[in-house]
Amino acid sequence: MPSNKASFFKIIFRSIFRRAEHLVFLLKDKLSERNFIYFACVAVAITCSFAVILLKSFAHNIFLLANDINGFLKLPYINSLLPIAGILLTVFVVRNFLNNHIEKGSSKVLYAVAKKGGIMPKKQMYAQIVTSSLTVGLGGSAGLESPIVITGAAFGSNFAQKYHLSQKDRILLLACGVAAGIGAAFNAPIAGVLFAIEVVLTDISIAAFIPIIISAATGALISTITLSDDVILNFQQTLKFDYHNTPYYILLGILAGLTSIYHARNFQKVEKFFSSFKNKGYRKALFGALLLAILIFFFPTLFGEGYESIKTLSSSNPSVLLDNTLLEKFKSSEWVLLAFIGVTMLLKSFATGLTLGSGGNGGNFAPSLFVGSYLGYFVAKSINLLNFTHHLPIANFTIVGMAGILSGLFHAPLTAIFLIVEITGGYDLMVPLMIVSSISFAVSKQFEKHSMDVKSLADKGEVFTSDKDKNILQSINFYNLVQQNYKTLNLKDSPGKVVDIFATTEQKMIPIVDEHKSLIGLVDFEEVKAFIFNPNHVKFMTMSEIISQPKEIILFEDKPEKIMKLFETSKATILPVIFKGKYFGFLSKIDVLESYRHRLKEMIIE
């Protein structure tokens, strides 16, 4: 009977889904292209918003449950056990239901935009929700925003694929999903729009703002209706800016930039350490989870996203962070609390690296806010304890510090500024936010050319989101443009065959190869045209007398920017391509530029 009931509901669900699908196709036929995009951005935003609600609610309720258990037993070790279970369960799901592969980090969205025309796998619509809810919901020291970004992008991308939209519209809806996700996660629509534009998209026109704004607003609206203030990060305090504190905000900006570099590099070192493990399964997961459990045992605020501790830190009684820790009896000491906060801040990069490197899923967006708030508190409290003549507003520095680290890590100062403005509910801190975010960005950019998410891709030459030209070049498959139909000759052939090829084909270049297909040289029509059609002259010449060396040679493994540099330095319009030491074909600069023009037209969102 239960199986019959399940089959019945499955049939009903499929019927409803097919009817909805048919309705959307009908709307596509009836509506103009622009109006259908408006409909699509709302549909994507609604779907993405409910995924955010599911993720955030699960993570928050698990956090409350763990705290209730801790409060009842008065022991700090309970929080340490849950992340172990979460990471192991995540690995189990990935191995058994996701083909032993899960793409982590918002860099995958950037890669999809730059290299795949905005196409993302269908499984990303659910894989991120399941795995990150297990990891972060059960206490893994990471954030949900990166999985939310990937999920939103996947919803947008697959909606566009399903209804056969163009590449421009596919990338636009991908960005709409991202904006809706961030807007819903923080109830911050402006931050959602800016994140989509500042981090994800490579080029955009003013007209494309409208669908992204609609998506972000829809996400924020649904979040406002369905999520309580306890679930999302927000602040109720009235915050004022005192211009006398400007030098201290400058100091915070410098420290935020340096701390961003510290966090990014240590996180990457931990991830690299785990990627070198021979055993990629449960042993690696258990090893990393046990190390994470030890950190959480001594520093319980490393548990989960950490948003509750951020709120506590900006409150009037931050000493409650020492509750259920081994330092609880020292709660009255401000120096002990300060040391605890400073060490926790420095350990967050390791905790996040252990969480993700060992097999968990999550991101660095929430950790960046965590580290920023702890840094802001540490700076302001240290100055207050050491300087009896000047008192800094600790809540202000705690909140502004978040923007500093977010800007430094993700190289997204506008997103950082407006996110904090929106979650604090006012613009009174706009000036210090601008100071800290811009300085942190400048310091971080000085030492790290690319943001943390882009760095791993940039190191491989796969994506450069800050440079539109390189993005487009990276999206071109150069070796599909290689012409392999050129007729070849060898040194034993007579120059008469050169005459035949030039006379009967459109070739202006003839590759001369040996018996192993290695390139010996070229016969360039421009160099020999003065005498090559003179029979008396050619009759007494040998092949070696008319060949020349190519101005440059393209190797099959050369990166796009190097190939373009070879064309530029050689002043040539066509160059030979060598693959594994053998002649492969010719690449034309004209073909490359035509492909560039075509890709540029596709990628500009209008």
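Only heavy atoms go into these numbers, but all of them, side chains included; no hydrogens, no water, no symmetry mates.
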So, [X] side chain and [Y] main chain: donor-acceptor pair closer than 3.5 Å or not?
| X | Y | result |
| --- | --- | --- |
| S333 | F330 | no |
| S57 | L54 | no |
| S141 | L302 | yes |
| E145 | A185 | no |
| S133 | V130 | yes |
| S407 | G404 | no |
| N266 | F350 | no |
| T218 | I214 | yes |

Please list every donor-acceptor pair under 3.5 Å in which a side-chain atom of residues 285-298 meets a protein atom from a residue at least two apart or in another chain.
none

List the residues meeting ring pair (Phe, Tyr, Trp, His ring centres under 6.0 Å) with [X], not counting sequence neighbours, and say none if there are none.
| X | answer |
| --- | --- |
| Y248 | H390 |
| F299 | F340 |
| Y377 | none |

Kindly say whether the aromatic ring centers of F92 and Y282 come within a distance under 6.0 Å.
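Centroid distance F92-Y282: not below 6.0 Å, so no.
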Ring centroid separation F365 to F186 under 6.0 Å:
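So the answer is yes for these two rings.
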Can you pull the side chain to side chain donor-acceptor pair (under 3.5 Å) pairs that have at least one residue in residues 353-368, sequence neighbours excluded?
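Every pair satisfying side chain to side chain donor-acceptor pair (under 3.5 Å) with a residue in residues 353-368: Q128-N361, T131-N361, H263-N364.
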Classify the ring geometry between F441 and H411 as parallel (under 30°), tilted (30 to 60°) or perpendicular (over 60°).
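Perpendicular: the ring planes of F441 and H411 meet at over 60°.
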Take F378 and F397 through the ring-ring contact (aromatic ring centres under 6.0 Å, His included) test and state the conclusion after the steps.
CA-CA 9 Å; F378 186 86; F397 276 75; over 10 Å; no
Side chains of S319 and N317: do they bring a donor and an acceptor to under 3.5 Å?
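Yes.
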Regarding K104 and S146, do their side chains bring together a donor and an acceptor under 3.5 Å, going by distance alone?
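Distance-only check fails for K104 and S146.
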Under the ring-ring contact (aromatic ring centres under 6.0 Å, His included) criterion, do Y307 and F370 qualify, and how do the steps go?
CA-CA 7 Å; Y307 286 160; F370 180 96; 9.2 Å; no
How long is the gap from [atom1] on [X] to [atom2] on [Y], to the nearest 0.5 Å?
| X | Y | atom1 | atom2 | value |
| --- | --- | --- | --- | --- |
| I46 | S215 | CD1 | OG | 9.5 Å |
| L347 | T301 | CG | OG1 | 9.5 Å |
| I102 | K108 | CD1 | NZ | 10.5 Å |
| K381 | E334 | NZ | CD | 3.5 Å |
| S223 | N187 | OG | CG | 5.0 Å |
| I405 | T259 | CD1 | OG1 | 4.5 Å |

Which residue pairs pass the salt bridge (charged side-chain N to carboxylate O under 4.0 Å, His left out) test when at least one of the two sits in residues 252-272, sequence neighbours left out?
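Non-adjacent pairs meeting salt bridge (charged side-chain N to carboxylate O under 4.0 Å, His left out): R265-E448.
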